[in-house]
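Data first, discussion second: the structure below is written as structure tokens.
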Amino acid sequence: MPISPIITFKAGICDVDQSSKPYKVTPQARPGYIYLYSDDDFIHFCWRPRDAPADEPELDLVMIPEDGHFLPYDTKSPAQASAKTNGRIFSLKFSSSSQRHIFWLQSKPQGPNGDPSFLSPRDLKIGEIVDKLLQGYEVDVNRELASLSSSGGSNRRDDGDDETMEDVEGHGDPNAHHEGGTGGAGPDATGGDVRREGEDAREGGADGARAASATNAEADAAAVVRNFLDSLKGTQGLAGGQAQAQAQGKSYPLLNDLLEPSVTIPMLDSATDEYVDNLLNYLPSTVIVMSQQGASGADAIEIEPSAASVEAARQTMSQDQKRALLKKVLRSPQFTQSLASLTIALRDGGLPNISTALGVQVENGGMVRGGTVPLGGGDAVEAFVEGVKKTVQKKK
Amino acid sequence: MSGGWNTIESDAGVFTDLLTNLGVKGVQFEELLSLEPDALAQLHPVYGVIFLFKYPTNEPYRGTDKPLDGTFDYDASERLFFAHQTIQNACGTQALLSVLLNKADPSVSQEGDAGYIDIGDKLRDFREFTIALPAEIRGEALSNSELIRDTHNSFARSSPFIDETQRRPDEEDGDAFHFIAYSPIGGTLYELDGLQPAPISHGACTQEDFPQKVMDVLQRRIARYDASEIRFNLLAMIRDLRIRAREFADEDLLASEERKREAWRFENALRRHNFVGFAGEILKGVVSAKLVAGGSAYDDWVNQGKKKMEKRAAEQRARKGGEGEDVEMQG
């Protein structure tokens, strides 16, 4: 009997031994899906391995509204500073019983530096959607997911390639009962692999930053559990604090912090003559010409010096003079201010344009992974600096 | 409609060049670092002062029908060049023009030497056109003037921050900055503020009295602020000091003024410059050097940057914890 899932996303299941405390949790490496569907009265919470058809879940729980909760575990609470898991864990809990089901997200983590336990806004949104559905709310899944893609919350359902849907499917009106499964992602979404699951980013084994081989996946999963168990011993904070921090993005220094004179002046001192000559090209021509003219009596309106006069000035400049001029610029408040502006530009979504303009290759072209929105905040600045690092390394 | 106006710095070099580019002759700005009347007096002839201060945006600027100091002179609103401010970002230029355009007609002046500035043909035209208009319309004319707007914008920084304390991207500050002018005109000390309904008279004032009297007014004004609020800036509009230097054959003064001009020109060239390419090259140079150094040099460098940022955030929090309410704008 064909069902029409409301939401589907990649997740692995864990075996939970609740016979003793702390619970023994053993994650299974098998790639799978969590999905929810509704029959006339109840929401069903299901899990199946990805190669199983949608109507043959291994887990099919009939959920009474408000009885169940689907919540992430905060793996970063200060009390457990050392017990960081390297996976993203959600648990399904019941008010009516102590039964618990534990799952781990299998989509590629979006954490900085590939931090595998980092719960991205999308991860949290998925959890939130599921939790809401379990309380009996009607959730417009597509809209909820789309609202993550743009800060304005505009509905991007009509975009051709909605990349946020790669590992999550929302399937339209949860209350509409269609035969044959219809909805935004199409009937194949749950049964087959319409999306390019074969590709690296979405490879079943590669999900969760795990290698393709099953044994590696198991080893990673074991590590997840080891840390997870430690976290069960202590406080079980929820994801509130983490969501807070994520709203501002990663804390990363400003460009003016990284490029203070205490850093740039020594760099210039040990730089080659070629580097110095090249750098001069990036200064305003007025400044180069002025350095050779000295103080003159002209109150002139700034007329752009001709290329010839710039070249003439450069010819007469000694290496020492060039370096002295560059240092003066590096110490100037105007340069510092420009670094502040550049940092703002990067943080506000300018990373793709700026990196292209400077010939710096950044990951994902500067976009949020799996998204169509530029990186922002400290993440963008970090991506930029890391991109420069790679660019420099390639040239060596 | 008028185009965009960008914010400019309250810097003596910026304002001086702004005037020069508008066609004004023989005028410069000098920053005043204290409220000592003598410091101002020795810069004679003085045409006026521009006062920059911070005001809170969550309170109305004008709450009352009388100013807290002085009196509204509605008659002067028409008689003098006084314009209502229509564009926030234009207020620096507006304050500057409100002194300048009141020194264009020596026949109404009582200020002797300081009563006349050669404002150049373009501004003379502008003044003639606008002096017949009411104050609100003058403000519109100012914001619509391509000459003035384009000259103003040519000094704009690419950043949205207006003042010299160089607010950082990680700071939060919802306050606006405002420029007002004080000038002795026709024997009266006027406060010219485009956000007020009319010029404010602070009483009779000769050119010789101006330094003392204006400092008194400013002292009273500053006293109305919270003691911890010290973000203001004072620029004097004066005759070009090199003229005096030449008159008195003062070589030292002339040389130091020329050096100052050179420094201003250097700074203005940097202000106008798009540093993105330069910054990129510098970043590449530093990253390259760190990689060559090897080991943990790169990571250490990033971590040092983080520490600086965290230190600054901690200092900010400490400061904010100590500050009281936002400044009450009572002027």
Side-chain angles (χ1 to χ4, degrees), chain A residues 251-260 263-264 266-268 270-271 275 278-279 281-287 290-291 294-297 299-302 328-330 332-345 347 354 357-360 382 384-385 388-389 391-393 395-396, chain B residues 9 16-17 20-21 25 154 157-161 164 166-170 240 242 254-255 257-263 265-292 298 301-310 312-313:
Chain A
S251 160
Y252 193 83
L254 313 174
L255 290 178
N256 8 353
D257 294 318
L258 292 173
L259 298 179
E260 275 188 1
V263 171
T264 55
M267 182 276 291
L268 194 66
S270 48
Y275 178 81
N278 174 56
L279 201 52
N281 287 326
Y282 294 88
L283 286 185
S285 11
T286 309
V287 152
M290 270 177 65
S291 72
S296 69
D299 267 326
I301 294 167
E302 294 301 328
K328 198 172 164 194
V329 174
L330 288 172
S332 70
Q334 289 77 30
F335 178 58
T336 303
Q337 188 56 53
S338 79
L339 290 177
S341 307
L342 186 56
T343 304
I344 293 172
R347 289 169 69 102
I354 292 169
L358 295 178
V360 172
E382 182 181 34
F384 181 65
V385 177
V388 168
K389 183 180 177 200
T391 306
V392 165
Q393 278 168 331
K395 287 199 179 131
K396 289 196 182 296
Chain B
E9 263 175 275
T16 301
D17 275 17
T20 310
N21 289 3
K25 311 222 181 359
S154 72
R157 291 200 263 179
S158 52
S159 91
F161 306 139
E164 62 188 359
Q166 292 172 19
R167 240 175 321 162
R168 299 223 183 231
D170 47 349
D240 190 331
R242 294 172 300 179
L254 189 60
E257 283 303 308
E258 293 293 3
R259 275 197 299 277
K260 184 195 294 175
R261 296 293 174 129
E262 196 197 354
R265 224 175 322 143
F266 180 79
E267 285 161 20
N268 283 335
L270 292 186
R271 271 186 195 101
R272 276 197 274 274
H273 186 59
N274 182 339
F275 268 110
V276 174
F278 184 79
E281 291 301 305
I282 292 291
L283 185 57
K284 284 178 191 164
V286 170
V287 167
S288 187
K290 297 297 169 189
L291 292 176
V292 162
Y298 177 86
W301 167 63
V302 174
N303 284 329
Q304 266 172 357
K306 277 193 191 138
K307 286 206 187 87
K308 282 177 198 158
M309 199 171 73
E310 281 155 15
R312 201 173 43 243

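Scope of the values below: all heavy atoms of this structure, side chains included, with no hydrogens, waters or symmetry mates. Convention: sequence-line order gives letters A, B, ...; per-chain numbering from 1.
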Checklist entry - Between A/E382 and B/V302, is a side-chain contact (heavy atoms from CB on, under 4.5 Å) present by the stated rule, with each step listed? => result CA-CA 10 Å; A/E382 182 181 34; B/V302 174; over 6 Å; no
Part of [X] within contact of chain B (heavy atom distance under 4.5 Å):
| X | answer |
| --- | --- |
| A/F335 | both |
| A/L342 | side chain |
| A/N278 | side chain |
| A/L283 | both |
| A/Y275 | side chain |

Checklist entry - How about A/T336 and B/F275: do any of their side-chain heavy atoms sit closer than 4.5 Å? => result no
Next on the checklist: Within the 4.5 Å heavy-atom criterion, are A/L339 and B/F278 side-chain neighbours or not?
Outcome noted: no
Checklist entry - How long is the span from the CD atom in B/E262 to the OG atom in A/S291, to the nearest 0.5 Å? => result 9.0 Å
Item to check | Rounded distance [0.5 Å steps], CG in B/L270 versus CD in A/Q337 | outcome: 12.5 Å
Do you know the tightest heavy-atom contact between [X] and [Y]?
| X | Y | value |
| --- | --- | --- |
| B/E281 | A/L279 | CB-CD1, 3.5 Å |
| B/A279 | A/L259 | O-CD1, 4.4 Å |
| B/A269 | A/T286 | CB-CB, 4.1 Å |
| B/I282 | A/M267 | O-CE, 3.8 Å |

Next on the checklist: Quick check on B/A289 against chain A: is it the side chain, the backbone, both or neither that has a heavy atom closer than 4.5 Å?
Outcome noted: side chain
Item to check | Result of checking B/Q304, B/R312, B/K308, B/K306 against A/D257 for side-chain hydrogen bond (donor to acceptor under 3.5 Å, both in side chains) | outcome: B/R312
Item to check | Side chain B/H273, main chain A/Y282, donor-acceptor under 3.5 Å | outcome: yes
Considering only heavy atoms and a distance below 4.5 Å, find which of [options] pairs most often with chain B.
| options | answer |
| --- | --- |
| A/L255, A/L258, A/L358 | A/L258 |
| A/A271, A/P266, A/P253 | A/P253 |
| A/V329, A/I354, A/V360 | A/V329 |

